[in-house]
Amino acid sequence: MQSWDYMKEKAKLDTVYGFNRVYNYDFSMSASTKLYGMYVPIFHMFGIKQIRHVITPSISFSTAPDFGNSHYGYWRTYNYTDQNGKVQTVTYSPYANSLYGVPSQGKSGTISFSLDNNVEAKVSSKKDSTGVAKRSIIDDLGFGLSYNMAAQTKPWSDLSMNLRMKFTKSYTLSMNTSFATYAYQYAADGKTVEVGDRTYWSYGKFGRFQGFNLSYSYTLNNDTWKKFFGKGESSDKEKKKDDQNKNPDADNNTDPNQAQQNGQKEVQATTNDDGYMPFKMPWSVSLSRS
């Protein structure tokens, strides 16, 4: 318990023994779905045969009561008069120094909205065995907004936006930006300008642009050196050799069922042209700049 010690001009702490239970709880839920859209262009420009657009809308809701309410007993107040004769109110919790702390004050309730977009295309490719390859046009284009149900004024958050584009498997471009929800207005003195409680939407505007952050990254791995310098075995050659090692009976007339009956079990390791097992350690390094 706390009270004000006028002699020492500071708060006085008293230890009260007893059994007390401190708890808190909240409630949350979320929902999401995916919407698919397909478009087949009439003219196959740049070899594009089909475009797929995936829209992922999401909504989440979370709420918690005000544990600072007096009927919970987690927070208490006392008054004292300071040296200037003013009455001061101190809010404290008897469980502030406990092992698990104390639930926070204030009611909370938030509804969050998000909308993600992904656009991919199927293009003609001679390198693929099917003759078609998948290419990313927009890897992710997302929007996010939230509403604070417990706020007395300006419950809407700023609108956030992110864009990510993968030009290749190694090169990625990312951008993040936000748009202010509430417009400027004159203060009570009629001279200074401040952020008001009226949204840009009420004026028929999208929002106030607040700048953006642009970054790009490039990923290096052990296959990068093969692409740049042409070193290492050919991928087709490695694949053929792996297939032969995995299925050694493919190139001879040995019956696998007969070999199993005879108790034979052969395990062959992948070897290079010199007959040694190649040492491989996959690695990757990402370089980014913003």
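By convention here, the first residue in the shown sequence is residue 1.
Remark: the backbone N or O of G211 is paired with a side-chain donor or acceptor of T177 at under 3.5 angstrom.
Annotation: F167, atom CZ; neighbour count of heavy atoms from other residues, nucleotides and ligands within 6.0 Å is above 12. With a 6.0 Å radius and a threshold of 12 heavy atoms from other residues, nucleotides or ligands, M29 has its CE atom at or below the threshold.
To the nearest 0.5 Å, atom CD of residue Q105 and atom CG of residue D66 are 7.0 Å apart. With rounding to the nearest 0.5 angstrom, the NZ atom of K49 is 10.0 Å from the NZ atom of K122. To the nearest 0.5 Å, the span separating CE on M165 from CD1 on I137 amounts to 8.5 Å. Of the inter-residue distances, the one linking Y182 atom OH with R198 atom CZ reads 13.0 Å to the nearest 0.5 angstrom.
Taking all atoms of both residues into account, the shortest heavy-atom contact from Y78 to Y92 is CD2-CE2, 3.6 Å. S112 and T110 get closest at one heavy-atom pair: OG-CG2, 3.8 Å. Residues S108 and T63 come closest through the heavy atom pair O-OG1, 3.1 Å.
In this structure the side chain of L115 reaches within 4.5 angstrom of the side chain of N117, judged on heavy atoms. Put simply, the side chain of F61 reaches to within 4.5 Å of the side chain of M149, judged on heavy atoms.
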Practice item. Dump the intermediate steps for ring pair (Phe, Tyr, Trp, His ring centres under 6.0 Å) on Y25 and F67, then the final yes or no. Key: CA-CA 9 Å; Y25 57 89; F67 291 103; 5.6 Å; yes
**Study point:** side-chain hydrogen bond (donor to acceptor under 3.5 Å, both in side chains) evaluation trace for T56 with K34
**Key:** CA-CA 5 Å; T56 308; K34 288 184 179 294; 3.3 Å; yes
Review point. Can S32 and S58 be said to form a side-chain hydrogen bond (donor to acceptor under 3.5 Å, both in side chains), step by step?
Key: CA-CA 4 Å; S32 178; S58 302; 3.0 Å; yes
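The aromatic rings of Y171 and Y218 sit tilted, their planes meeting at an angle between 30° and 60°.
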Determine all donor-acceptor pairs shorter than 3.5 Å in which one atom belongs to a side chain in residues 189-197; sequence neighbours excluded.
unit_1: D189; atom_1: OD1; unit_2: K191; atom_2: N; d: 3.0
unit_1: D189; atom_1: OD1; unit_2: T192; atom_2: N; d: 3.3
unit_1: D189; atom_1: OD1; unit_2: T192; atom_2: OG1; d: 3.2
unit_1: D189; atom_1: OD2; unit_2: T192; atom_2: OG1; d: 3.3

Using residues 138-147 as the side-chain source, report each donor-acceptor pair under 3.5 Å to any protein atom, sequence neighbours left out, with the distance given to one decimal.
unit_1: D139; atom_1: OD2; unit_2: R164; atom_2: NE; d: 2.7
unit_1: D139; atom_1: OD2; unit_2: R164; atom_2: NH2; d: 2.9
unit_1: D140; atom_1: OD2; unit_2: N162; atom_2: ND2; d: 2.9
unit_1: S146; atom_1: OG; unit_2: S157; atom_2: OG; d: 3.0

